[in-house]
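First up is the structure itself, then whatever we jot down about it.
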Amino acid sequence: MNNTIAAFLLGVPFVLLLGLYMLAVFLSNRRHRRWPFYRSILWGIGTSFAILSVAGPLAERAHVDFTAHMLGHLFLGMLAPLLMALAAPMTLLLRTLPVKTARRLTKLLRSKPLRILSDPITATILNIGGLWLLYTTDLYMLMHHSLLLYVFIHIHVFLAGYLFTISMLYFDPTPHRHSYLYRGIVLVIALAVHGILSKYIYANPPAGVAADQAQAGGKLMYYGGDMIDVVIIFLLCLHWYQAARPRKRAGQVTWQNR
């Protein structure tokens, strides 16, 4: 497999996403109030982590070092999706598009297929289930010998990670909303299954991976994943608290201003 071609095919889309986001910010600022600068920063950092995971020294090292591969997995499948979701790209897109086009996109977002796809359970199966398939079969070894398979798996890891993140946290318009309790339960199950997989990798190295590298990679997946998961848990609980907090009405006396 040609590593240079793989890096190009995987890196260019993220460079384009970065450029398109900045173009959308420019166009949006001309017609609306200024887009929050911190969201642009989050998008830039998120796409940078994605690019780092598929192109450059880390990506090159990941072909022969399972620990480097796992670090790239954390960047591509967890950290980059979280940062990019925080940047609210769909909100920016709807602000930028012409009204008729934005309405068509909104109609598409309300469709039944996207309702099924954005369900937290579906997103969890695609995300965590895909990882189980990758690391408990010969798929991990095979992808290093097939350019098409290598590119497909990395695209899946990112898209599944992003879908999982936006199914748990709502920063963009989400027609098919699920309760906090439902999302919380699915999230706890997903984190448990992810943790079990990391322990499985520690004890049962994937095909073609040395035991010591599998142990190091399993630890990185477990503890590194936990660090990102803590942020997701915090944000979900924060949104839940804000939604459940009593609203103070005009003229109403509350315990806060007695």
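Just so it is clear, the values below take in all heavy atoms, side chains as well, and ignore hydrogens, waters and symmetry mates.
- In this structure a side-chain-to-backbone donor-acceptor pair under 3.5 Å is missing from Thr174 to Tyr170.
- Applying the ring-ring contact (aromatic ring centres under 6.0 Å, His included) criterion to Phe164, with sequence neighbours excluded, gives no partner residue.
- Taking the ring-ring contact (aromatic ring centres under 6.0 Å, His included) definition, one finds that His156 meets it with nothing, sequence neighbours left out.
- Applying the salt bridge (charged side-chain N to carboxylate O under 4.0 Å, His left out) test to residues at least two apart or on different chains, the pairs with a partner in residues 58-71 are Arg61-Asp65.
- Tyr162 pairs by the ring-ring contact (aromatic ring centres under 6.0 Å, His included) definition with nothing, not counting sequence neighbours.
- Not one N or O on the side chain of Trp43 forms a donor-acceptor pair closer than 3.5 Å with the backbone of Met22.
- Centroid-to-centroid, the aromatic rings of His154 and Phe158 stay 6.0 Å apart or farther.
- Checked against the 6.0 Å centroid threshold, His239 and Phe171 count as a close aromatic pair.
- Listed by first and then second residue, the side chain to side chain donor-acceptor pair (under 3.5 Å) pairs that reach into residues 108-135 are His69-Tyr135, Asp119-Tyr182, sequence neighbours excluded.
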Donor-acceptor list for residues 29-40 side chains, cut-off 3.5 Å, not counting sequence neighbours:
residue, atom, partner, partner atom, Å
Asn29, OD1, Trp35, N, 2.7
Asn29, ND2, Val25, O, 3.3
Arg31, NH2, Thr96, O, 2.2
His32, NE2, Arg95, O, 3.0
Trp35, NE1, Tyr21, OH, 2.9
Arg39, NH1, Leu86, O, 2.4

Atom pairs and distances, donor-acceptor, side-chain atoms in residues 191-220, under 3.5 Å, two or more places apart:
residue, atom, partner, partner atom, Å
Ser198, OG, Gly195, O, 2.6
Asn204, ND2, Tyr200, O, 3.2
Gln213, OE1, Phe66, N, 2.8

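- Side-chain contacts under 4.5 Å among hydrophobic residues (ILVMFWY), followed directly or transitively, place Leu23 together with Phe26, Leu27.
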Legend entry - Full working for side-chain contact (heavy atoms from CB on, under 4.5 Å) between Ile45 and Met84: CA-CA 8 Å; Ile45 297 175; Met84 294 170 73; over 6 Å; no

Return all side-chain donor-acceptor pairs below 3.5 angstrom for residues 137-147, not counting sequence neighbours, or 'none' if the list is empty.
residue, atom, partner, partner atom, Å
Thr137, OG1, Leu133, O, 2.5
Thr137, OG1, Leu139, N, 3.2
Ser146, OG, Leu149, N, 3.3

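- By the 4.5 Å heavy-atom criterion applied to side chains, Leu92 and Ser28 are counted as neighbours.
- Residues Leu109 and Pro173 are not in side-chain contact: their nearest non-hydrogen atoms beyond the backbone lie 4.5 Å or more apart.
- Residues forming a ring-ring contact (aromatic ring centres under 6.0 Å, His included) with His73 (at least two apart in sequence, or on another chain): none.
- Cluster partners of Val230: none. The rule joins Ile, Leu, Val, Met, Phe, Trp and Tyr whenever side-chain heavy atoms lie under 4.5 Å apart, and it links nothing here.
- Under the 4.5 Å side-chain criterion, counting only non-hydrogen atoms from C-beta, Pro120 is in contact with His178.
- In this structure, Tyr222 belongs to a hydrophobic cluster whose other members, linked by side-chain heavy atoms under 4.5 Å apart, are Tyr223.
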